[in-house]
Novice: 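My questions will all concern the structure given below.
This one's a predicted model, so the numbers in the text were calculated from it and none came from an experiment. Sequence lines set the chain letters: A, B, ... in the order given, protein chains first and strands last, and positions in each chain run from 1.
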There are 2 protein chains.
Amino acid sequence: MQIVDESGAKAERAGLNERQNAVLESALKLLVDGGEKAVTTAGVARAANCSKESLYKWFGDRDGLLSAMISYQAGKVRTVEVRSETLTADGLRKHLAAFALDLLDVLSGEVSLALNRLAIGQTVGRTAVRDARGAGPTLGRLLEERGRRQIGRRATTLLEAGRKAGLLSFDDADEAYGTLYGLIVTDAHLRMLLGFDPAALKKEFAGRAERAVASFLTLYGVGAMAAA
Amino acid sequence: MQIVDESGAKAERAGLNERQNAVLESALKLLVDGGEKAVTTAGVARAANCSKESLYKWFGDRDGLLSAMISYQAGKVRTVEVRSETLTADGLRKHLAAFALDLLDVLSGEVSLALNRLAIGQTVGRTAVRDARGAGPTLGRLLEERGRRQIGRRATTLLEAGRKAGLLSFDDADEAYGTLYGLIVTDAHLRMLLGFDPAALKKEFAGRAERAVASFLTLYGVGAMAAA
DNA sequence: ACAATTGCGTACCGTACGGTACGGTTCGGC
DNA sequence: GCCGAACCGTACCGTACGGTACGCAATTGT
């Protein structure tokens with residue numbers, strides 16, 4: 001396989017060319033509406049109009065394919081940086097609300113749910129089914145580092161900005177973020193992973209986000225900020 | 001709630017005799033340290049010293065076996081009723097702290113984690129892999145109803161008692177419970193499901209529970225109760 | 001125009017698993 | 001002492017999947 005020039009329009013994520021991304025897209029589609037068992041090498045090859053041999057050449061292994069799917073999807077998530085100065089009380093509240101909605105949106109996404117199910121299904125004990133070969137990091141680790149970490153960074157920087165602006169008060173930003181996360185998500189994520197219809201929960205998202213932010217500000221807000 | 005060991009004489013849960021419970025115990029052991037793929041009919045039969053034919057006679061199906069495993073394990077969880085009268089401020093705080101610790105304990109249990117992984121792994125979209133035959137409710141539903149529901153009931157009755165005693169203030173008990181759950185668990189459950197070592201998290205349980213209860217009381221406590 | 005690379009389609013192999021069938025054995029009732 | 005039921009151990013069958021090999025078309029470089 002040769003490395004094609006990177007100037008090709010878009011994508012080219014992580015050294016994968018356009019064709020391979022298309023394959024991953026097909027594989028993700030299969031995963032979303034068929035579960036892990038639907039992601040067979042033959043099935044992916046058929047769905048993507050490529051040969052199994054190419055799959056193995058590109059991804060080395062079924063596990064390699066699965067890992068690539070996670071990395072590929074994670075690469076799609078864009079975090080929006082927040083400008084730390086000019087942070088008013090109402091601005092912070094709005095930013096927090098927006099974050100809450102984004103978080104719920106991401107977590108309830110079909111692809112996200114499918115990938116989480118995949119990674120969890122591969123997990124056993126505190127490691128994961130380890131292939132004979134080296135087989136890089138666990139799928140769970142991969143998902144956590146590429147997914148949750150990114151979102152967490154965005155949140156903590158926002159919280160730090162709030163503290164610098166004298167609007168929030170806390171010792172440990174990570175702990176505060178943990179609280180915020182818990183208030184927003186509660187057990188909705190797990191229930192969706194278990195099959196609860198996301199559509200039914202999505203209707204509550206707005207209210208849920210609002211209440212979570214209100215509670216969070218009650219706990220960590222300074223002065224007027226803490227008023228419900 | 002506590003995990004009781006009913007190995008003595010009785011049990012006979014849900015129409016299953018002692019022998020079959022022993023088989024389920026073996027199957028759970030296999031699941032815990034081998035993941036779903038380790039629970040093969042032949043493997044269970046070998047581990048339990050029974051024949052495959054008996055497995056099929058008793059549980060009808062591999063899915064039936066998996067369902068029985070969930071039901072069986074869920075039957076072990078006993079919820080401790082709380083006496084609603086004579087509820088002092090400090091008593092409520094203690095009860096909440098105890099609940100928080102119990103919740104974290106249950107969720108971090110190896111068997112619980114393995115079963116959650118199993119149910120999640122079987123889930124696809126908003127349903128689950130549906131067997132040819134009727135095949136009762138989804139494993140995810142089963143797990144949610146027999147596990148989470150029970151714990152939730154205990155919590156909500158405790159919260160109701162607190163409200164009746166004039167110590168707490170909220171409109172919707174379920175919503176308040178959701179907040180409590182989120183404050184306690186945050187994303188610890190998901191991370192453990194993804195393979196994060198529970199032992200590493202268990203050290204924080206005490207502190208985490210305490211902080212969660214304090215935050216909860218700040219949000220929902222009445223008067224002196226709300227003081228950290 | 002020719003050679004080489006790439007990749008598709010398909011056929012193939014070994015294995016592992018779900019599910020069934022069968023012979024032998026234990027155990028309780030009569 | 002005999003009978004039937006329950007059950008164990010094992011062998012067996014069909015299938016599906018991961019992974020590899022091969023033949024042939026298309027594309028690319030020279």
Novice: Report the nucleotide, chosen from dC8(C), dG18(D), dA6(D), that has the shortest atom-to-atom distance to any side-chain atom of Thr40(A).
Specialist: dG18(D)
Novice: Please state whether the phosphate of dC7(D), meaning OP1 or OP2, lies under 4.0 angstrom from any side-chain nitrogen or oxygen of Ser54(B).
Specialist: no
Novice: Axis-to-axis angle across the helix from dA1(C)-dT30(D) to dC30(C)-dG1(D), five pairs an end, to 10 degrees?
Specialist: 10°
Novice: Kindly say if Trp58(B) contacts the phosphate of dC7(D), meaning a side-chain N or O under 4.0 Å from OP1 or OP2.
Specialist: yes
Novice: Give a yes or no on whether a salt bridge exists between Asp102(A) and Arg154(A), defined as a side-chain N under 4.0 angstrom from a carboxylate O.
Specialist: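 A salt bridge is present here (some side-chain N lies under 4.0 Å from a carboxylate O).
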Novice: For Thr41(B) and dG18(C), is the shortest distance between a side-chain N/O and OP1 or OP2 below 4.0 Å?
Specialist: yes
Novice: Tell me whether the OP1 or OP2 atom of dT20(C) has a side-chain N or O from Arg62(B) closer than 4.0 Å.
Specialist: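 No.
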Novice: Can you tell me if the side-chain N/O atoms of Arg46(A) get under 4.0 Å from OP1 or OP2 in dC17(D)?
Specialist: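 Arg46(A) to dC17(D) OP1/OP2: no side-chain N or O under 4.0 Å.
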Novice: Tell me if the side-chain of Lys52(A) makes a donor-acceptor pair with the base of dG9(C), cut-off 3.5 Å, by modelled atom types.
Specialist: no
Novice: For atom CD of Glu210(A), is the number of surrounding heavy atoms from other residues, nucleotides or ligands below 6.0 Å larger than 12?
Specialist: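 It does not: Glu210(A) CD has 12 such atoms or fewer within range.
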Novice: As a test of reading the structure: which of dC8(C), dG9(D), dT20(C) is closest to the side chain of Tyr56(B), going by heavy atoms?
Specialist: dT20(C)
Novice: Which nucleotide, dC17(D), dC8(C), dC22(C), lies nearest any side-chain atom of Glu53(A)?
Specialist: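 Selected nucleotide: dC8(C).
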Novice: If you check every side-chain atom of Asp61(B), which of dA11(C), dG9(D), dG19(C) has the closest atom?
Specialist: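 When the side chain of Asp61(B) is considered, dG19(C) is the closest of dA11(C), dG9(D), dG19(C).
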Novice: Can a donor-acceptor pair be found, under 3.5 Å and without considering hydrogens, that links the side chain of Arg62(A) to the backbone of Val39(A)?
Specialist: yes
Novice: Taking C-beta and beyond as the side chain, do Leu104(A) and Leu201(A) meet within less than 4.5 Å on heavy atoms?
Specialist: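 Not touching, per the 4.5 Å side-chain cut-off.
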